[in-house]
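Data first, discussion second: the structure below is written as structure tokens.
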2 protein chains.
Amino acid sequence: MPKKEHIINVAIELFSEKGFEATSIRELAAKADVNVAMVNYYFGSKDKLFEAIVERKASYMKGKLEELASNKELTEIQKMDVLIENYVDRLLSQPNYHRLIHQELLVKQRVTLQDNIVKIFSGNTLIVKSIIESGIKKKLFKKVDPELTMASIIGTINQVMLSKSMCLMLIQKDENFDPYTDVAFRKRLETHLKQMIHSYLLINN
Amino acid sequence: MPKKEHIINVAIELFSEKGFEATSIRELAAKADVNVAMVNYYFGSKDKLFEAIVERKASYMKGKLEELASNKELTEIQKMDVLIENYVDRLLSQPNYHRLIHQELLVKQRVTLQDNIVKIFSGNTLIVKSIIESGIKKKLFKKVDPELTMASIIGTINQVMLSKSMCLMLIQKDENFDPYTDVAFRKRLETHLKQMIHSYLLINN
DNA sequence: AAAAATTAATTAAACGTTTGTTTAATTCAA
DNA sequence: TTGAATTAAACAAACGTTTAATTAATTTTT
């Protein structure tokens with residue numbers, strides 16, 4: 001693996017575990033087994049390393065969602081199901097990266113970086129909104145709040161994903177259990193979300 | 001106001017805005033208009049100041065929830081409505097404090113402090129679970145996932161509360177709009193949650 | 001009630017570390 | 001031989017914390 005990418009991966013791990021500010025470049029360099037100067041050599045600064053991380057991983061979801069929205073074969077509720085599957089899969093398979101993103105959203109440092117993140121999410125939200133509004137127009141869906149429906153889907157996943165200890169408490173498992181790799185838990189989360197969204201959205205159920 | 005409490009309030013503001021690690025004691029002392037040594041004089045260390053913040057504000061919700069659970073006059077769905085109102089009110093009225101708590105949950109520093117936070121939430125979760133399970137037993141509620149239902153309620157509120165810029169993007173308002181003090185937005189959030197939980201939980205609707 | 005003694009609160013300065021970053025020299029690869 | 005990659009060392013700045021001295025408040029003694 002290229003050394004630059006290797007540093008990014010170790011940085012995601014450390015930043016998401018300990019926080020951006022709490023992780024020193026020396027610690028990062030030690031864990032990545034490179035010289036301290038290499039980080040600034042490749043990225044210029046610690047802040048720019050953070051930006052590189054966000055930019056490299058961003059806007060993967062957008063393509064999937066655009067494809068989904070323009071799909072003519074699926075009904076609106078089927079699209080919502082696929083959307084839930086995609087988000088659950090995406091968020092649970094990269095918990096560290098998403099923790100890092102949310103860390104950055106939580107604090108008000110590095111404003112332009114935060115704006116970038118919001119912009120990425122913004123596009124996704126509009127697509128989901130269009131699907132829900134299409135369902136409402138066809139009188140398949142109730143007249144719900146599209147934006148907050150989106151917030152409920154993402155928020156539910158985030159709630160179990162952003163803190164492992166909180167998730168373990170919620171589902172009453174011990175520390176050895178890893179909810180993010182457990183397929184049964186993933187299915188459980190998907191099922192809950194689909195059922196909830198179905199009963200909330202669908203007029204006939 | 002007692003100086004010790006004043007420091008705590010300024011600390012909540014700064015920590016939640018910039019992050020715990022990114023806030024220096026010198027900056028905190030300057031904003032609180034006290035000498036740098038006063039923080040360690042009152043709290044011993046920066047870490048213990050954080051603990052003091054968590055402990056001082058913790059477990060307010062517990063009393064309200066216990067009272068609600070043991071209430072004999074309300075039906076289960078009415079209890080869920082009150083619960084939603086309480087959570088929306090509580091979380092939106094102290095956004096800074098809750099951001100700080102979630103910041104701590106997000107990173108894996110200060111393990112014992114995180115355990116304390118989880119313990120507080122744990123009690124609340126059990127109470128909510130008991131209400132939902134009671135509703136299921138009485139055949140008022142569908143056989144839902146109680147834990148993840150709780151995650152959806154809290155997660156939805158957190159989704160709009162943890163990042164103001166994300167919230168503004170979601171509801172399409174400009175920067176001057178403050179969603180956390182706006183009563184209309186609060187009502188909107190309450191309505192969405194109640195409608196969603198009603199259609200998810202209730203058998204007859 | 002006044003004076004003295006004791007404790008608490010507050011201060012500026014200094015402490016030793018650690019931080020992100022840079023430098024200048026060296027090794028490696030093309 | 002030229003440019004990129006890598007290194008150890010050094011840089012200044014900022015960090016959390018402590019010290020020792022001073023002021024303010026409280027308690028005790030006269």
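Each chain gets a letter, A, B and so on, in the order the sequences are listed, and its residues count up from 1.
- Rounded to whole angstrom, the span from the NZ atom of A:Lys48 across to the C1' atom of C:dG20 amounts to 13 Å.
- Atom P of nucleotide C:dG20 and atom CZ of A:Arg110 are separated by 12 Å, given to the nearest angstrom.
- Taking atom CG of residue A:Leu14 and atom P of nucleotide C:dT19, one finds them 12 Å apart after rounding to whole Å.
- Of the side-chain N and O atoms in A:Tyr41, none sit less than 4.0 angstrom from OP1 or OP2 of D:dT7.
- For the pair B:Phe20 CZ and D:dC15 P, the interatomic distance rounds to 13 Å; values are reported in whole Å.
- Looking at heavy atoms from C-beta onward, A:Glu85 lies out of side-chain contact with A:Arg186 at the 4.5 angstrom threshold.
- OP1 or OP2 of C:dT21 sits under 4.0 Å from a side-chain N or O of A:Asn40.
- Across D:dC15, C:dA13, C:dG20, the shortest atom-to-atom separation from the side chain of B:Arg26 is found for D:dC15.
- Nearest nucleotide to the A:Tyr42 side chain, out of D:dT6, D:dG16, C:dT11: D:dT6.
- The cationic group of B:Lys164 does not satisfy the cation-pi geometry with B:Phe177, failing either the under 6.0 Å distance to the six-membered ring centre or the 45° limit from the ring axis.
- If you measure from atom CD1 of B:Ile25 to atom P of C:dT10, you get 16 Å, rounded to the nearest angstrom.
- In this structure, the nucleotide among D:dT17, C:dT11, C:dG20 sitting nearest to the side chain of B:Met38 is C:dT11.
- Both tests pass for A:Lys4 against the ring of A:Phe43: distance under 6.0 Å to the centre and angle within 45° of the axis.
- When rounded to the nearest whole Å, the span between CZ of B:Phe43 and P of D:dT17 equals 13 Å.
- Taking 4.0 angstrom as the limit, B:Lys3 places a side-chain polar atom (N or O) nearer than this to OP1 or OP2 of C:dT10.
- Taking every heavy atom of both residues into account, A:Leu202 and A:Phe141 meet most closely at CD2-CE2, 4.0 Å.
- Side-chain contact between B:Val10 and B:Lys31 is present, with at least one heavy-atom pair separated by less than 4.5 Å.
- If you take CD of A:Glu21 and C1' of D:dG16, they are 15 Å apart, rounded to a whole angstrom.
- Taking atom CG of residue B:Asp47 and atom P of nucleotide D:dC15, one finds them 16 Å apart after rounding to whole Å.
- Between B:Ser24 and D:dA14 there is no side-chain polar atom (N or O) within less than 4.0 angstrom of OP1 or OP2.
- Contact annotation: B:Asn35 side-chain N/O to C:dA12 OP1/OP2 distance is under 4.0 Å.
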